[in-house]
Each structure stands twice: as structure tokens, then as C-alpha cells.
2 protein chains.
Amino acid sequence: MIRILLADDQALVRGALAALLDLEPDLEVVASVATGDAVVPAALSVRPDVALIDVQMPGLDGLAAAAALHRARPETRIVILTTFGRPGYLARAMAAGAVGFVVKDATPEYLIDAIQRVHSGLRVVDPGLAAESLAAGASPLTARERDVLVAAAQGATVRDIARGLHLSEGTVRNHLSAAIGKTGARTSAEAARLAETNGWL
Amino acid sequence: MIRILLADDQALVRGALAALLDLEPDLEVVASVATGDAVVPAALSVRPDVALIDVQMPGLDGLAAAAALHRARPETRIVILTTFGRPGYLARAMAAGAVGFVVKDATPEYLIDAIQRVHSGLRVVDPGLAAESLAAGASPLTARERDVLVAAAQGATVRDIARGLHLSEGTVRNHLSAAIGKTGARTSAEAARLAETNGWL
DNA sequence: GCCTGACCGTGACAACCGTCATGGGTCAGA
DNA sequence: TCTGACCCATGACGGTTGTCACGGTCAGGC
């Protein structure tokens with residue numbers, strides 16, 4: 001019997017996944033939480049074999065929660081589940097100690113198989129996504145460039161960003177310019193969009 | 001026995017929802033499709049009582065698919081299911097002939113209850129979202145303003161938009177300026193973001 | 001020590017964007 | 001018929017953005 005912890009912020013998806021997994025005779029959902037912060041306490045309490053963690057969650061996000069869980073309870077095998085197959089997510093998930101990575105486009109059979117493989121000690125990664133991840137490479141952005149891009153992605157102006165990060169406007173423009181060059185974009189808004197789809201933010 | 005058609009582009013969610021609904025003794029998933037274009041043919045073939053349609057789908061989107069289904073087979077009661085509770089979505093869903101609107105944050109019980117209510121002739125709308133929808137009101141954007149905003153949301157420059165829509169740059173700037181005024185934004189990127197979260201694109 | 005490279009910051013300039021005033025065209029409704 | 005709403009265009013303006021050249025700081029390698 002494989003004991004599973006579910007973490008997903010959408011109650012409907014959480015409930016539906018639980019129903020799906022509980023149909024399998026050798027799987028058992030023993031806990032399900034809605035936030036990243038709740039993952040570690042729940043895991044320590046129910047001692048699951050496998051944790052299925054969504055990336056998008058309020059509070060601590062799925063990748064950070066995975067890292068915390070890996071530190072707190074390395075016996076639990078972590079599978080990251082996500083809507084968006086962003087290359088950067090895969091890299092960060094692996095760095096966080098995850099051993100599986102499944103996108104929500106996958107079939108239910110694939111997910112169940114992935115859980116079983118992971119439980120038996122294997123790693124499970126979508127080969128197409130892995131290739132894409134290698135192609136996109138690691139994030140070329142510096143910490144500051146990331147900061148200004150996340151702000152720009154919210155629609156902030158250069159002045160807003162400068163105030164928010166306590167920088168001069170010229171410096172913000174420089175960081176943005178560097179990010180534009182590195183992403184191959186032609187405008188800060190486009191750079192923010194590209195960085196986001198690559199999972200660099 | 002309530003016969004249900006499921007439409008969602010994510011195979012995992014589709015399968016999980018089917019598992020969840022099939023657990024109910026009076027519900028039966030009789031078809032599940034991954035694209036908006038497949039909704040009407042499937043409905044004509046299996047004659048479902050209720051159609052559960054996600055907004056985000058490739059090809060024909062969920063709202064357009066709902067409208068087509070309502071025309072082709074008005075007996076089928078339509079429930080729109082969506083990740084994002086955007087006010088504009090609700091308005092368009094109702095205009096498309098939907099009688100239910102459920103966000104993926106809802107609990108499984110709520111969804112099941114909604115399906116049963118809808119089948120018995122009632123309408124089901126999240127009251128909080130309905131209030132938000134009234135507050136945000138209908139889209140204030142003209143058709144052209146919408147066009148330039150969707151292009152701007154991709155990160156296109158004024159020149160790109162002008163070329164893409166065969167307009168002069170000045171005209172594009174005028175439309176953008178009008179959209180910025182109507183959305184209360186201060187920049188075209190921000191206007192695009194706001195319009196998107198309101199479901200006006 | 002010295003050099004190198006990566007980062008942060010400044011100032012100046014050209015290009016672009018947002019606003020406004022103005023004009024012309026179409027089309028629906030009073 | 002006139003009015004109002006929408007579309008397209010032009011031209012000009014001030015403010016913002018993107019780029020560049022230039023310094024300064026700091027960690028790591030020779």
C-alpha cells in the first residue's frame with residue numbers, strides 16, 4: 001500500500017485526484033492540504049511514502065515546499081505536479097529533491113505509473129520536457145534582474161520598480177536592458193513574459 | 001441517472017473529475033473530450049443531460065463551445081468550470097446559455113450539488129463572483145481596443161500591432177490610450193493585464 | 001598583490017510611448 | 001436629417017524607456 005500526501009490549492013482538483021488515486025488498489029491518499037506551508041507538518045504527522053505537490057500554491061509555493069519537505073523528511077518521495085511544463089520548474093524541482101515531475105496534461109494512467117515507479121526508487125521525468133529544459137538551459141538572469149522582471153511583470157513602471165527596490169531609475173533601466181538582451185526580447189514587458197514562461201521568475 | 005459530458009484540455013483533470021463524479025450513484029460520465037471543437041459532435045452522439053465545460057481549451061474555447069452547444073442541443077444543461085473566476089467569464093458564460101458557473105476552488109461536494117441542481121432546472125452561480133461581476137460591469141472596451149490589447153498582452157510593440165492589424169501607429173496609440181483610460185491603468189502593459197484578469201480579452 | 005569578472009550605480013542621448021487636438025468616414029437610431 | 005458612437009488618420013508635445021559609455025565595489029584565481 002503506497003501512502004500518498006496530496007498538495008494542491010484547488011479543492012476540486014484535490015478532491016478529484018484523491019478519488020482517482022483511491023480507485024487504485026495499491027494507492028491510498030492519507031492527507032491532502034491546500035497550502036505549501038501545510039505540507040511539512042502534514043507529512044511529519046501522517047508519514048506518507050509519496051508526496052504529490054502542485055507548483056502553484058498560496059503561501060509557500062510548491063517548489064519551496066518540496067525543498068522543505070525533502071529536508072524534513074527525506075524518506076518521502078516527491079513528485080511535482082504542475083499545469084505549466086516550464087523548463088525552469090523542472091530544474092528547480094530536481095534541485096529541491098523531487099524525483100518525479102508530471103504535467104497535468106498527462107493521462108491518469110501515467111500519473112499512477114509515475115507514483116508506483118517513484119515509490120520503487122526510480123525517477124520519472126517527461127522526456128520531452130527534459131529536452132526542452134536542457135535547450136532553455138538554466139536561468140541566465142542575475143538576482144537583481146529577476147527582481148526587476150517580477151515587478152515589471154505586474155505592470156509596474158520603471159519608477160515604481162525603482163521605489164520598490166530602493167534603486168535609481170537608471171539602474172532599473174540597466175537591469176531591464178540586460179534582461180531584455182538575455183531573453184532576446186525587445187521590450188521589458190516581453191522580457192517579463194518570456195522569463196515567466198521559462199520558469200525563471 | 002444524470003448523464004454528463006466532460007470537456008477539459010488537461011487529461012489528468014478530466015480523468016480525475018470523471019473518477020470523482022462516477023463515485024456518485026446518480027451521476028454518470030458518458031463522454032469526455034479535450035477540445036472545444038469536439039463538444040458539439042460528442043453531445044449530439046451521446047445526448048448528455050449536463051455538460052461540464054472548462055473555459056481554457058485549445059481550438060474553440062469553452063465559452064464559444066458552450067454557445068455552440070446551446071444552439072445545437074438546448075436540452076443539455078451547461079455548467080462552466082474554470083480556474084479563474086474572472087468577472088467577464090461569468091457574464092459571457094451566461095450569455096452563451098450556461099446555467100451554472102463553478103470555479104475550481106470549489107469543493108467536490110459543491111460541484112456535485114451544482115450538477116444536481118442544474119439538472120433539476122435551477123441556476124447555480126457563486127454569489128461572491130456574481131457580486132464581483134456586477135461591480136466590474138460589462139467590458140467597456142470597443143472591438144478595436146480589445147484587438148490592440150490582446151496584441152499588447154503578448155508583448156508586442158506599437159509598431160508590431162500596427163503592422164499586424166494594418167493600422168497606422170498613431171491609431172494604435174489612440175486605441176491603447178483609450179483602453180488605458182478605461183481600465184484605469186497607467187501603461188499599456190498594465191491595461192492588458194487588467195483587462196485579462198477581468199476576462200475582457 | 002594583481003587581474004578578472006560579475007554586480008551595482010550614474011548620466012546622457014535617441015527612440016518610443018501616451019496624450020491631445022483635429023479631421024474625415026461609416027452606420028444605427030431618434 | 002441630425003446626432004452620437006465608433007473607426008481611422010495626422011501631427012505635435014512631453015515624458016518614459018532602452019542603450020551606451022563610464023566608474024565603483026567586491027569575491028575568487030593566478
Side-chain angles (χ1 to χ4, degrees), chain A residues 88 91-92 95 136-201, chain B residues 88 91-92 95 136-201:
Chain A
R92 280 196 277 162
S139 170
L141 303 174
T142 71
R144 265 328 206 194
E145 287 160 8
R146 228 191 69 254
D147 291 342
V148 299
L149 273 193
V150 303
Q154 319 289 330
T157 68
V158 168
R159 185 168 312 172
D160 296 334
I161 303 172
R163 279 206 236 286
L165 298 180
H166 304 292
L167 294 177
S168 111
E169 297 187 17
T171 303
V172 172
R173 281 202 290 273
N174 268 340
H175 288 313
L176 281 177
S177 183
I180 289 170
K182 287 177 179 177
T183 55
R186 280 168 319 162
T187 197
S188 58
E190 194 183 356
R193 237 178 36 80
L194 286 171
E196 183 136 53
T197 65
N198 278 325
W200 291 340
L201 303 188
Chain B
R92 280 195 278 162
S139 170
L141 303 174
T142 71
R144 262 333 204 189
E145 287 160 6
R146 229 193 70 253
D147 291 341
V148 299
L149 273 192
V150 303
Q154 320 289 329
T157 68
V158 168
R159 185 168 312 172
D160 296 333
I161 303 172
R163 279 206 236 285
L165 297 180
H166 304 291
L167 295 177
S168 107
E169 297 186 18
T171 303
V172 172
R173 280 204 293 273
N174 278 339
H175 287 311
L176 280 178
S177 184
I180 288 169
K182 288 177 180 178
T183 55
R186 280 170 319 163
T187 194
S188 58
E190 194 183 355
R193 238 177 36 80
L194 285 172
E196 182 137 54
T197 66
N198 277 326
W200 292 339
L201 302 187

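When reading the values below, keep in mind they use all heavy atoms of this one structure, side chains included, and skip hydrogens, waters and symmetry mates. Chain letters run A, B, ... following the sequence lines, proteins first, then strands; residues in each count from 1.
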>> Looking at C:dG9, I'd like to know if its phosphate oxygens (OP1 or OP2) sit under 4.0 Å from a side-chain N or O belonging to A:Ser168.
In response: no

> In residues 177-187 of chain B, which ones come under 4.0 Å of DNA chain D, going by heavy atoms?
Replying inline: none

>> Strictly by side-chain hydrogen bond (donor to acceptor under 3.5 Å, both in side chains), give each pair with a member in residues 165-179 of chain B just once, sequence neighbours left out.
In response: B:Arg159-B:Glu169, B:Ser168-B:Thr171

Side-chain donor/acceptor pairs under 3.5 Å, residues 187-196 of chain A, sequence neighbours excluded:
unit_1   : atom_1 : unit_2   : atom_2 : d
A:Glu190 : OE1    : A:Arg186 : N      : 3.2
A:Arg193 : NE     : B:Gln154 : O      : 2.6
A:Arg193 : NH2    : B:Gln154 : O      : 3.2

> Among all residues two or more places apart in sequence or in another chain, which pass the side-chain contact (heavy atoms from CB on, under 4.5 Å) test with B:Ala151?
Replying inline: B:Ile161

> Which ones in residues 188-195 of chain A lie close to DNA chain C, meaning a heavy atom under 4.0 Å from one of its atoms?
Replying inline: none

> Hey, are the side chains of B:Leu165 and B:Val148 touching, using non-hydrogen atoms and a 4.5 Å cut-off?
Replying inline: yes

> Where the side chain of B:Thr171 is defined as all heavy atoms beyond and including C-beta, which of D:dC8, D:dC7, C:dC8 is the nearest nucleotide?
Replying inline: D:dC8

>> Give the residues of residues 157-166 of chain A touching DNA chain C, defined as any heavy atom closer than 4.0 Å, sorted by residue number.
In response: none

> Expressed in angstrom and rounded to an integer, what is the separation of A:Arg173 atom CZ from D:dG15 atom P?
Replying inline: 14 Å

> Atom CG of A:Leu149 and atom P of D:dT17: how far apart are they, to the nearest Å?
Replying inline: 14 Å

>> Given D:dT19, D:dC7, D:dG18, identify the nucleotide with an atom nearest to the side chain of B:Thr142.
In response: D:dC7

> Are any non-hydrogen side-chain atoms of B:Leu149 and B:Trp200 less than 4.5 angstrom apart?
Replying inline: no

>> Which nucleotide wins on minimum distance to the side chain of B:Leu167, given the candidates D:dG18, D:dA9, C:dT10?
In response: D:dA9

> Looking at residues at least two apart in the chain, or sitting in another chain, which of them share a side-chain contact (heavy atoms from CB on, under 4.5 Å) with B:Thr142?
Replying inline: B:Arg144, B:Glu145, B:Lys182

Under-3.5 Å N/O pairs linking protein and nucleotides 23-26 of chain D:
none

> Taking only N and O in the side chain of B:Arg144, is any of them less than 4.0 Å away from OP1 or OP2 of D:dC8?
Replying inline: yes

> A:His175 has a side chain; which of D:dG18, C:dC8, D:dC7 sits nearest to it?
Replying inline: C:dC8

>> With nearest nucleotide decided by heavy atoms, which residue, B:Glu145 or B:Glu169, maps closer to the 5′ end of DNA chain D?
In response: B:Glu145

> Can you find an N or O donor on one side and an acceptor on the other, under 3.5 Å apart, linking the side chain of A:Asn174 with the base of C:dC8?
Replying inline: no

